[in-house]
Amino acid sequence: MHNNGATAIAIDGPAAAGKTVVGNKLAKKIGYRFLDTGMMYRAATVVALDAQADFNDIDSLLDAVEQFEIEARSGANGETLILINGKDITSSLRSHDVDSQVSAVAAIARVREIMVAAQRKLAADGGIVMVGRDIGTVVLQDARPKIYLTANLETRAKRRFLEMKDLPEHPPLEEILTAMRMRDKIDSSREASPLRPAYDAVIVETDNMTVEEVVHRLCELVNGVTS
Ligand code: DC
């Protein structure tokens, strides 16, 4: 499939709704680049954890984040790679520590300003599928189509559990569920760019859909915009 019309596609939604897997597959199908913006907030969290910043103190977190250059790139499979001061730290971004602290870092308005500026720069040449929480509402308001991918909390926690079950430190399902409920709450109730569908987003509920079915649905939506 080739797509001559839309140049930026926004996919937003809560944690473990399938945005990364589906967004990456969609990007490959239509020959677009892919950017998972959650990885950038995770990188800021790794930096703050490494600097032993005080997570209850915004200035302490900002000091840590502003000292480092966070760069997002595409890997060989279209996946998002993150470099901090030139070093690839992608493999440390999905740890349990990062999972439990990232919402606090992502809620800081100044951190968001830095990330949004970098994301818009990466999208400037078009041909990009960008996934996150505020892509349709803030970062790329002209994106077409805008998709809001979601599923109920239990489905999403089970998906994350299955993803993590082969890692050396893999938390029980109940713990993932509790942490995810907390993250949903912080992400959608924060003052700076809260998680919500854009008014012109298409909501796709993925509870009873396979990855391939979701990708197929998204291709239909992209075709609807460009045909
Ligand atoms: O999608 P994820 O789980 O990797 O996102 C990590 C955190 O970053 C999550 O708490 C929400 C936040 N985030 C955000 O606020 N804005 C984005 N565009 C992407 C992620």
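When reading the values below, keep in mind they use all heavy atoms of this one structure, side chains included, and skip hydrogens, waters and symmetry mates. Whatever order the structure lists ligands and atoms in, that order sets their numbers, starting from 1. Model, not experiment: these values are computed from the prediction.
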Task: Modelled atom types, side-chain donor and acceptor of Glu212 and His216, under 3.5 Å - done: no
TODO: Could you tell me which atoms of ligand 1, counted from 1 in the order shown, lie closer than 4.0 angstrom to a heavy atom of Arg133?
DONE: 1 (O), 2 (P), 3 (O), 5 (O), 9 (C), 11 (C), 13 (N), 14 (C), 15 (O), 16 (N), 17 (C), 18 (N), 19 (C), 20 (C)
Which atom pairs, donor and acceptor, lie under 3.5 Å between side-chain atoms of residues 115-126 and protein residues at least two apart or in another chain?
| residue | atom | partner | partner atom | Å |
| --- | --- | --- | --- | --- |
| Arg120 | NE | Val139 | O | 2.9 |
| Arg120 | NH2 | Val138 | O | 2.8 |

Task: pair Asn77-Lys28: side-chain heavy atoms closer than 4.5 Å - done: yes
Task: Point-to-point distance, once rounded to the nearest 0.5 Å, from OG of Ser193 to CZ of Arg112 - done: 4.5 Å
Open item on the list: So for Arg112, does at least one of its heavy atoms come nearer than 4.0 angstrom to any atom of ligand 1?
Closed with: yes
TODO: For atom 20 (C) of ligand 1, grab the closest protein heavy atom and report residue, atom and distance to one decimal in Å.
DONE: Gly38 CA, 3.5 Å
Task: Distance-only donor-acceptor check, side chains Thr90 and Asp88, under 3.5 Å - done: yes
Task: Identity and distance of the protein heavy atom lying nearest atom 8 (O) of ligand 1 - done: Tyr41 CB, 3.6 Å
Open item on the list: Checking a contact table here: which protein heavy atom is nearest atom 18 (N) of ligand 1, and how many Å away?
Closed with: Asp134 OD1, 2.8 Å
TODO: Measure the CG-NZ distance between Leu173 and Lys165 for me, rounded to the nearest 0.5 Å.
DONE: 13.0 Å
Open item on the list: Checking Thr206 against Arg156: is there a side-chain donor and acceptor pair closer than 3.5 Å?
Closed with: no
Open item on the list: Suppose I only count heavy atoms of Gly132 and a 4.0 Å limit; which atoms of ligand 1 are within that range?
Closed with: 17 (C), 18 (N), 19 (C)
Open item on the list: How far is atom 12 (C) of ligand 1 from the closest protein heavy atom, and which atom is that?
Closed with: Ala106 CB, 3.7 Å
TODO: Kindly compute the distance separating CG (Leu149) from CD (Glu205), expressed to the nearest 0.5 Å.
DONE: 10.0 Å
Task: Per-atom contacts of ligand 1 with Arg183, taking only distances under 4.0 Å to non-hydrogen atoms - done: 2 (P), 3 (O), 5 (O), 6 (C), 9 (C), 10 (O)
Task: Polar contact flag for Gln119 and ligand 1 (N/O pairs, less than 3.5 Å) - done: no
Task: ligand 1 contact by Arg190, heavy-atom criterion under 4.0 angstrom - done: yes
Task: Option nearest atom 7 (C) of ligand 1 (shortest heavy-atom distance, choices Val98, Thr20, Val102) - done: Val102
Task: Over all atoms of both residues, closest heavy-atom pair of Ala157 and Leu177 - done: CB-CD1, 3.7 Å
Open item on the list: If the cut-off is 4.0 Å to any non-hydrogen atom of Thr37, which atoms of ligand 1 fall inside it?
Closed with: 17 (C), 18 (N), 19 (C)
TODO: Tell me which protein heavy atom sits closest to atom 4 (O) of ligand 1, plus the residue, atom name and distance to 0.1 Å.
DONE: Arg42 NE, 2.7 Å
